[in-house]
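Let me begin by presenting the structure, written as structure tokens, before commenting on it.
Residue indices begin at 1 and follow the sequence shown. Remember, it's 1-based here, ligands and their atoms both numbered in the order they're listed. Heavy atoms only: backbone and side chains are in, while hydrogens, waters and symmetry mates are out.
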Amino acid sequence: MSGAKTGTNTLQNRRRALGSGAIQVLAITGGKGGVGKTSVAINLAVAVAKSGRRVALLDADFGLANVDVMLGLRAERTIEQVLDGDCSLRDIMLSGPAGVRIIPSASGARRLTRLNEFEQAGLIRAFDELSQQIDVLIVDTAAGIADAVLRVVSASQEILLVLCDEPSSITDAYAMIKVLNQDFQKVRFRVLVNKADSEPEARLVFEKLRGVCERFLEVSLLFVGYIPSDPALLQSVKKQRAVVDASPGSASSRAFFRLAEQLSGWRSRERPQAALAFFVDQLLSSETTELVAPPAVKSSSEEGADAN
Ligand SMILES: Nc1ncnc2c1ncn2[C@@H]1O[C@H](COP(=O)(O)OP(=O)(O)OP(=O)(O)O)[C@@H](O)[C@H]1O
């Protein structure tokens, strides 16, 4: 058996070991920039954490990674150093409001989809470590439909599309749904309308997207609610705080708490217990992944996985 093949089998065993915990993995996306993806990712993460679940927020917006900045934190290191084997996930995670673990990735997020075998082992080690510590992984993604964005989104068990009432938001969301459906066989999308003034208005925006999807695609869209346009959210951004933390009684915060409550009921038909393993698996199945023999790096948990 070749060294590369042996390495691949070992990696497969390690990936399987990630499947043991029932972790929800949710990508926040939308196609268009500025619709509020990062605001939703942060506030939903903090609202879920306030309900007692353990949450990690992966900042995979490699264009304008800014979760840390929006929360007044400073990332010294990112997932890039973890992939290089320089440190562990624990060393780079920041502690956000309500104990949300923030994983800064910046340009490392693009690299997540193009890993050589040494880096694959680093990624699996990192998520193996994470799987013991969280119940929910929320992934904030970049705008656009670049391949790296699509791969991160399609790797996630649940997809939450953020829309707002602008024609380009609808067309960009449609473009994203189409490519996720046709190239990645995704059929189910949850839709959140942001910056709406009322539920009827939000439903109208949702119906515009559903109308065009029904005409051309076989996908299922679920309306999960709306976040009102809220000056308190803008104020909290200026203070580098999550609105659910700074103004928990504001209109947008109440909507985020409602959404957080719903999220625990989003049990995917696609084996929720394997969501984290699926996430890592999909990132690693990139066509551009190079196969090179990995250096022998083992943690005790990987040794356990190898023995299975
Ligand atoms: N519900 C809301 N009410 C008021 N302002 C909002 C709301 N949601 C987002 N915003 C504001 O809209 C702007 C864009 O939000 P955000 O950065 O979260 O969008 P994004 O989709 O992540 O952008 P990008 O694609 O550029 O990363 C920010 O100034 C944010 O404060």
Side-chain angles (χ1 to χ4, degrees), residues 26-47 57-73 75 96-97 100 102-110 138-146 148-150 152-153 156 159-176 189-199 201-203 205-206 209 223-260:
L26 172 70
I28 313 288
T29 189
K32 188 179 180 315
V35 290
K37 296 178 295 296
T38 304
S39 305
V40 169
I42 290 174
N43 286 291
L44 182 59
V46 177
L57 174 54
L58 172 65
D59 186 357
D61 185 343
F62 44 72
L64 286 165
N66 53 12
V67 167
D68 55 330
V69 177
M70 279 176 85
L71 289 172
L73 302 166
V100 171
I102 292 151
I103 308 169
S105 56
S107 54
R110 195 191 304 273
I138 293 180
V139 186
D140 181 27
T141 67
I145 53 170
V149 179
L150 294 169
V152 170
V153 174
S156 303
I159 301 170
L160 182 63
L161 280 160
V162 181
L163 272 190
C164 62
D165 190 9
E166 286 173 31
S168 56
S169 170
I170 314 269
T171 51
D172 287 8
Y174 173 75
M176 168 154 267
F189 302 87
R190 298 184 195 271
V191 179
L192 176 74
V193 179
N194 189 26
K195 307 187 198 184
D197 288 330
S198 65
E199 174 150 353
E201 185 194 297
R203 282 194 182 274
V205 177
F206 170 73
L209 178 66
F223 177 73
V224 299
Y226 77 103
I227 308 293
S229 187
D230 187 1
L233 195 150
L234 283 174
Q235 283 302 319
S236 72
V237 171
K238 285 189 193 140
K239 289 190 241 158
Q240 294 181 290
R241 308 252 324 254
V243 70
V244 292
D245 201 29
S247 307
S250 65
S252 58
S253 294
R254 291 199 305 274
F256 282 119
F257 288 124
R258 277 196 298 274
L259 189 64

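Residues Asp197 and Ser229 meet the side-chain proximity criterion, which asks for heavy atoms closer than 4.5 Å. The side-chain heavy atoms of Val193 and Glu201, taken from C-beta on, include no pair separated by under 4.5 Å. Between Leu44 and Leu26 the shortest side-chain heavy-atom distance falls below 4.5 Å. Counting heavy atoms from C-beta outward, Ser247 and Arg241 have side chains that stay 4.5 Å or more apart. Within the 4.5 Å cutoff, the side chain of Lys37 has heavy atoms near those of the Asp140 side chain. Asp230 has its side chain out of reach of Gln235: every pair of non-hydrogen atoms, C-beta onward, lies at least 4.5 Å apart.
Counting the atoms of ligand 1 from 1 in the order shown, those under 4.0 Å from a heavy atom of Ile227 are 1 (N). The distance from ligand 1 to the heavy atoms of Ser229 drops below 4.0 Å at these ligand atoms: 3 (N). Listed by number with element, the atoms of ligand 1 under 4.0 angstrom from any heavy atom of Val237 are 31 (O). Residue Ala143 has at least one heavy-atom neighbour below 4.0 Å for each of these atoms of ligand 1: 25 (O).
One finds the CD1 atom of Ile138 at 11.5 Å from the CD1 atom of Ile103 (value rounded to the nearest 0.5 Å). In this structure, the separation between CG on Leu233 and CG on Asn194 is 7.5 Å, given to the nearest 0.5 Å.
Taking any N or O of Leu233, backbone or side chain, none lies under 3.5 Å from an N or O belonging to ligand 1. Below 3.5 Å of separation, one finds no N or O of Asn66 facing any N or O of ligand 1. Ligand 1 has an N or O atom lying under 3.5 Å from an N or O atom of Gly36, backbone or side chain. Between Lys32 and ligand 1, not a single N/O pair is under 3.5 Å apart.
Distances from ligand 1 to the non-hydrogen atoms of Gly34 include at least one value under 4.0 Å. In this structure, Pro228 has a heavy atom closer than 4.0 Å to ligand 1.
Looking at Met70, Lys37, Lys195, it is Lys37 that brings a heavy atom closest to atom 20 (P) of ligand 1.
Closest of all the heavy-atom pairs between Val224 and Leu259 is CG2-CD1, 3.8 Å.
Counting heavy atoms closer than 4.0 Å to ligand 1, residue Asn194 contributes side-chain atoms (C-beta onward) but none from N, CA, C or O. With a 4.0 Å cut-off on non-hydrogen atoms, Thr38 touches ligand 1 through its backbone as well as its side chain.
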